[in-house]
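Written out below as structure tokens is the structure these notes cover.
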There are 2 protein chains.
Amino acid sequence: MAEKIRYSEDVLEIAKITKALSHPVRVYIIKKLAGMHSCCYSGDLVDEIPVGRSTLSQHLKELKYAGLIQGETEPPFIKYCLNRENWEKARVLFADLLELKK
Amino acid sequence: MAEKIRYSEDVLEIAKITKALSHPVRVYIIKKLAGMHSCCYSGDLVDEIPVGRSTLSQHLKELKYAGLIQGETEPPFIKYCLNRENWEKARVLFADLLELKK
DNA sequence: ATTTCATTTCGTAATTTTGCGAATCATTAA
DNA sequence: TTAATGATTCGCAAAATTACGAAATGAAAT
């Protein structure tokens, strides 16, 4: 019986990111932020995404928890932006996994 | 009230892949297959990954369902390999999302 | 101080995921 | 044919995810 491994930091970090991106709502939001708009308002999202306000809030919370986005309060709205620093880390991890060039 | 969107094929496809990769066990397996070894045996995995046989089987099933791997029976073992065709598609989708070069 | 507006949190329900051991299946060896 | 071996499926339980509406929050306007 061989030794059981411990997941490397990379594996755990990738799983954390993929988990955050494992739902169409969240992929949609990140795709939007990673593209042209690097920020958007929760109010705009609720108009276009077919999901209730409170549900959207939970999805945003998960993306925040995973470190992929951050919210700046800009009364009376909340502006959500891509967390560029962590996004860069994600790019490195995925470039490695997928053997892509940065 | 603006129009609700429909998720694009890309968004749905990315969500399917990220969901398949949203667990450390499955990231570990894919990382292994995408690296040096492009194939491995279920029996070897069960020795190194801290999870029971039946549970591992379920994880492999999910990766298969998502199209990321395929299993060739090679009695008395089953050899799992990366599904290169779909992996290439995944690379394109992620390269786009992460703005990486192929 | 009260109202208003955008958003989040709470409470809850339905569904899915994860994990295990026991039972089953498929193939080879005896 | 019968055992042995490797792997999957079944049955189940615990935990997590997803979704919603109602209630609560916080900041600005009246």
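Quick note on labels: first sequence line is chain A, next is B, and so on, each numbered from 1.
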For DNA chain D, which residues of residues 60-81 of chain A approach it to below 4.0 angstrom with any heavy atom?
A:Glu62, A:Pro75

Enumerate the residue pairs fulfilling salt bridge (Lys or Arg N to Asp or Glu O under 4.0 Å) with a member in residues 51-63 of chain A, sequence neighbours excluded, ordered by first and then second residue.
A:Arg26-A:Glu62

From the 5' end of DNA chain D to its 3' end, which nucleotides mark the outer limits of contact with chain A, defined by a 4.0 Å heavy-atom distance cut-off (strictly under)?
D:dT17 to D:dA28

For A:Asp10, check side-chain hydrogen bond (donor to acceptor under 3.5 Å, both in side chains) against everything at least two apart and list the hits.
none

Joining Ile, Leu, Val, Met, Phe, Trp and Tyr whenever any side-chain heavy atoms lie under 4.5 Å apart, the cluster holding B:Phe77 also takes in B:Tyr41

Mind checking side-chain hydrogen bond (donor to acceptor under 3.5 Å, both in side chains) for A:Lys16 and listing every partner two or more places apart, or none if nothing turns up?
none

Which residues satisfy the side-chain hydrogen bond (donor to acceptor under 3.5 Å, both in side chains) test with B:Tyr65, sequence neighbours excluded?
none

Please give me every residue in residues 5-22 of chain B whose heavy atoms get under 4.0 Å of an atom in DNA chain C, ordered by residue number.
B:Lys19

Rounded to whole angstrom units, what separation is found between the CG atom of A:Leu45 and the P atom of C:dT7?
9 Å

Exercise: identify the closest heavy-atom pair between B:Leu12 and A:Pro24:
CD2-CG, 3.9 Å

Please identify each residue that fulfils side-chain hydrogen bond (donor to acceptor under 3.5 Å, both in side chains) with A:Glu88, with sequence neighbours left out.
A:Arg91, A:Lys102

Qualifying salt bridge (Lys or Arg N to Asp or Glu O under 4.0 Å) pairs, either residue in residues 73-83 of chain B, two or more places apart:
B:Glu74-B:Lys79

Among pairs that include at least one residue of residues 52-102 of chain A, which meet disulfide (SG to SG under 2.5 Å), considering only residues two or more places apart or in two chains?
A:Cys39-A:Cys81

Contacts of B:Pro50 that satisfy side-chain contact (heavy atoms from CB on, under 4.5 Å) - sequence neighbours left out:
A:Lys4, A:Ile5, A:Tyr7

